[in-house]
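All remarks here apply to the structure that follows.
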Number of protein chains: 2
Amino acid sequence: MPLVNRLKKLKDDKYQLTPQRQAVFQALNDIILEHPTAEDIYARAKKYYSQIGLATVYRTLELLLELQILNPILVPKGSTRYEAAHSRHAHFVCLGCGRIIDVDKHLNQYANAVEQEAGFAVTSTSVQLFGYCADCNHQQ
Amino acid sequence: MPLVNRLKKLKDDKYQLTPQRQAVFQALNDIILEHPTAEDIYARAKKYYSQIGLATVYRTLELLLELQILNPILVPKGSTRYEAAHSRHAHFVCLGCGRIIDVDKHLNQYANAVEQEAGFAVTSTSVQLFGYCADCNHQQ
DNA sequence: ATATGTGCAAATGGTTTGCAGGGCA
DNA sequence: TGCCCTGCAAACCATTTGCACATAT
């Protein structure tokens, strides 16, 4: 479901669709693909509702995380970044050429195995495999 | 290579083997399997060198990260946890109770599938599965 | 003598929270 | 009325840094 359409879900639920939350949604719709920080989203949201406060942005992001509409991307230094939630998504990152390739295909099998074996419910993933792609592997 | 033996590597390189760093190593040797925070390591290291400061623990951990002896485990809330660096390793992070559980068992199958299918060579991983453990799942 | 390492306390910076006010049900 | 939502500023807390002193090479 596209990000913007989730507004309806928000409205259908017990949550109010305030102008501030609309502004955050519009900001996300603009820049979510850039893996924005809360500050990035705040700056963009101001274009739609200039009086919005940073705390409101954080509170809205927290709400969207709870609703599984967004995922956090945790990085060693600096602030958390956000992306549209894919429940099960994985990247292969080539250490040779830097390409990032989606390798979702067999992730479900792995996640299912973990769920069945230990009784966990896997709701989202942060999976990066590092190594060398076919091209770079031959060159080594 | 076991964690403790890496002391030698540290000594062979340009780094000094101070009593403070020894204390951090001994602490890590004791509790690294528990995914400790810097505070956990600090508390344990005090048993070996009571005057050690928290800043020194952080500086030593940073050094060990650079040397690829440790890996950070980034979590949505709370402080960074540390583990011994492994090439293929995965965590399940419970969003209910915060527990971090190793789920390496089927990761190799997944990594191997990616390797065979696309001709990649997977050398290391950063894999976090988020969700709810059996206990927290029942409570929901 | 020079570089490296340390403890302490203060600073930093991302995030959260208390509070008083505002708006919708 | 009651509850949810907001902005602001202050608080919070993990981590980093400045500094003066210590230690190793």
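Model, not experiment: these values are computed from the prediction.
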Measure the distance from CD on A:Q22 to C1' on C:dG23 and round it to the nearest whole Å. 15 Å

Could you give the start and end, 5' to 3', of the contact zone on DNA chain D for chain B, using atoms under 4.0 Å from its heavy atoms? D:dA14 to D:dA24

Identified side chain to side chain contact (heavy atoms under 4.5 Å, CB included) counterpart of B:H89 within the set B:V103, B:D102, B:V127: B:D102

For the student: nearest non-hydrogen atoms of A:D40 and A:R81, plus distance: OD2-NH1, 4.1 Å

Within the 4.0 Å limit for protein heavy atoms, which parts of nucleotides 5-17 of chain C are touched? Write it as a string from 5' to 3', B for base, S for sugar-phosphate only, - for none. SSBB-----SSBB

Between B:Y42 and B:I52 the two heavy atoms that sit nearest each other are CE1-O, 3.3 Å

Shortest non-hydrogen contact between B:V57 and B:A38, atoms and distance: CG1-O, 3.9 Å

State whether a side-chain donor-acceptor pair under 3.5 Å links A:D30 with A:Y48. yes

A:Q20 and A:T56: which non-hydrogen atoms are nearest, and at how many Å? CB-CG2, 3.9 Å

Least distance between heavy atoms, A:T60 atom then A:R21 atom: OG1-CG, 3.9 Å

Which pair of non-hydrogen atoms, one from B:T123 and one from A:G131, has the smallest distance, and what is that distance? OG1-CA, 3.5 Å

